[in-house]
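Working notes, structure below.
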There are 2 protein chains.
Amino acid sequence: MHRSNWSDFGKVGARPERIVWAVAEHEGQRSICPLGWKMNTSGSPVMMAISVAPQRFTHGLIAGSGEVVLAWPGEDLAEATLLCGTRSGRDLDKFKAAKLTARPGECVQAPLVAECVANLECRIDGQMTSGDHTLFVCEVLAVWLHERPGRLCLSIDRCAGYDVLLDKGGRLFGAVKA
Amino acid sequence: MHRSNWSDFGKVGARPERIVWAVAEHEGQRSICPLGWKMNTSGSPVMMAISVAPQRFTHGLIAGSGEVVLAWPGEDLAEATLLCGTRSGRDLDKFKAAKLTARPGECVQAPLVAECVANLECRIDGQMTSGDHTLFVCEVLAVWLHERPGRLCLSIDRCAGYDVLLDKGGRLFGAVKA
């Protein structure tokens with residue numbers, strides 16, 4: 001064992017990471033922010049947490065509305081994930097730009113994404129600053145599943161066990177071989 | 001898309017999940033608590049968060065000491081992960097029981113685990129209750145890497161892209177095919 005640094009940890013300890021889209025709507029504006037930084041935090045009630053940079057457009061929509069939909073992209077949404085992660089919702093409607101279908105939920109204003117493997121309607125239950133990000137704790141109010149859920153889109157390493165979905169601009173997305 | 005439940009979400013959206021061990025020491029007692037519920041929360045300073053149930057022995061050691069080591073088990077530590085996750089540190093020293101080597105760190109009292117792929121020495125920077133768990137925010141003070149880091153031990157689904165490491169008592173651990 002030797003003393004190392006965070007960047008080298010990333011090469012051995014950071015992947016695979018499931019990707020989730022934080023989808024939020026507030027005062028007539030909506031956006032989608034792909035995240036790797038998410039975790040379950042409670043079994044009963046069911047809760048998750050996400051960590052979002054304050055400069056993200058979606059951050060303001062989550063904080064302003066007190067709600068978020070956590071939408072899980074499948075293997076067909078790697079390009080959409082890249083687009084939503086590299087453009088700002090200040091400049092474009094990501095649903096239109098990525099040809100996604102917004103569907104109304106039952107518990108929150110933010111839309112569900114019909115093409116995703118799963119959608120979780122959430123209410124923000126608490127938040128705290130953690131360094132350069134805001135940690136939002138989300139209570140899961142409703143769960144929606146796709147009729148034919150495909151494999152999840154993951155941030156991956158170069159390993160034989162994945163089908164590579166996208167390899168562009170330093171991003172490598174894949175799905176575990178079925 | 002149809003309204004569903006959390007249990008069914010788990011079948012399509014919960015894995016793969018990297019496993020991390022929360023290692024803590026306080027007032028002469030130490031323990032290891034395997035977790036799937038962890039995420040990065042900040043890039044600068046580097047921070048992570050973990051979610052730990054209050055009834056876990058390790059919870060008291062983290063809260064009491066204000067420190068934790070996040071140790072990342074590799075493919076050779078699936079059995080040790082199962083042991084550490086199914087026994088309580090109140091009853092046994094998990095380092096001895098799982099034949100693990102404790103090594104002193106440089107920043108915190110809690111020991112590093114020599115056999116792990118990586119160890120992160122962390123100071124607890126904040127905490128909040130999230131439902132039935134406590135969310136600890138951890139500032140990463142030091143990073144240690146194994147000289148020959150193997151593949152990470154993951155909580156997995158039954159897919160072709162993994163080598164199964166352990167399949168016992170409802171737990172399925174694996175590593176992505178190299």
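Computed from heavy atoms alone, side chains included, the values below leave out hydrogens, waters and symmetry copies. Protein chains get the first letters and strands the later ones, always in sequence-line order, with residue 1 at the start of each.
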- Message: Walk me through whether B:Cys159 and A:Lys177 qualify under side chain to side chain contact (heavy atoms under 4.5 Å, CB included).
- Response: CA-CA 6 Å; B:Cys159 293; A:Lys177 284 185 193 298; over 6 Å; no
- Task: Show the numbers, then the answer: is there a side chain to side chain donor-acceptor pair (under 3.5 Å) between B:Ser130 and A:Thr41?
- Result: CA-CA 6 Å; B:Ser130 174; A:Thr41 59; 2.7 Å; yes
- Evaluate the criterion side chain to side chain donor-acceptor pair (under 3.5 Å) for residue pair B:Asp132 and A:Ser42; output intermediate values, then yes/no. CA-CA 5 Å; B:Asp132 55 18; A:Ser42 172; 3.0 Å; yes
- Verdict with supporting geometry, B:Met128 and A:Val137, side chain to side chain contact (heavy atoms under 4.5 Å, CB included): CA-CA 10 Å; B:Met128 66 188 291; A:Val137 176; 3.9 Å; yes
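Contact of B:Pro16 with chain A is made through backbone and side chain together, with heavy-atom distances under 4.5 Å. Residue contact with chain A, scored on non-hydrogen atoms closer than 4.5 Å, involves the backbone and the side chain of B:Ala49 alike. Neither the backbone nor the side chain of A:Arg158 comes within less than 4.5 Å of any heavy atom of chain B. Both the backbone and the side chain of B:Ala142 come within contact range of chain A, with heavy atoms under 4.5 Å apart. Residue B:Asp163: no heavy atom, backbone or side chain, is found under 4.5 Å from chain A. If you measure heavy-atom distances from B:Ile50 to chain A, the contacts under 4.5 Å come from the backbone alone. With a 4.5 Å cut-off on non-hydrogen atoms, B:Trp6 touches chain A through its backbone and its side chain both. Using a 4.5 Å cut-off between heavy atoms, B:Val12 contacts chain A through both its backbone and its side chain. When heavy atoms are compared at a cutoff of 4.5 Å, B:Glu121 does not approach chain A at all. Proximity to chain A is limited to the backbone of B:Asn5, based on heavy atoms less than 4.5 angstrom apart. Contact annotation for B:Arg148: neither backbone nor side-chain heavy atoms come within less than 4.5 Å of a heavy atom of chain A. Contact of B:His2 with chain A is made through backbone and side chain together, with heavy-atom distances under 4.5 Å.
Most heavy-atom pairs under 4.5 Å with chain B, from the set A:Glu139, A:His133, A:Glu147, A:Arg18: that is A:Arg18. When each of B:Val20, B:Val46, B:Leu152 is scored by its heavy-atom pairs under 4.5 Å with chain A, the top score falls to B:Val46. Contacts with chain B were tallied for A:Ala118, A:Pro149, A:Gly43; A:Gly43 has the most, counting heavy-atom pairs under 4.5 Å. By number of non-hydrogen pairs under 4.5 angstrom with chain B, the leading residue of A:Asp157, A:Leu120, A:Val52 is A:Leu120. The residue among B:Gly126, B:Ser44, B:Gly36 with the most heavy atom pairs within less than 4.5 Å of chain A is B:Ser44.
Between B:Leu35 atom CG and A:Met39 atom CE the span is 9.5 Å, to the nearest 0.5 Å. Rounded to the nearest 0.5 Å, atoms CE (B:Met47) and CG (A:Leu135) are 9.5 Å apart. Atom OG of A:Ser51 sits about 10.5 Å away from atom CE of B:Met48, to the nearest 0.5 Å. Taken from CZ in B:Arg3 to CG in A:Asn119, the straight-line distance is 12.0 Å, to the nearest 0.5 Å.
Annotation for B:Glu17: atom CD counts as buried by contact number, over 12 foreign heavy atoms lying within 6.0 Å.
Contact check for B:Met1 versus A:Leu145: no side-chain heavy atoms found under the 4.5 Å cut-off. Side-chain contact between B:Trp144 and A:Phe9 is absent, with no heavy atoms from C-beta onward closer than 4.5 Å.
Residue A:Ala160 comes nearest to B:Ala178 through the heavy atom pair CB-O, 2.9 Å, listed as atom of the first residue, atom of the second, then distance. For A:Gly131 against B:Pro45, the heavy-atom pair with the smallest separation is CA-CD, 4.1 Å.
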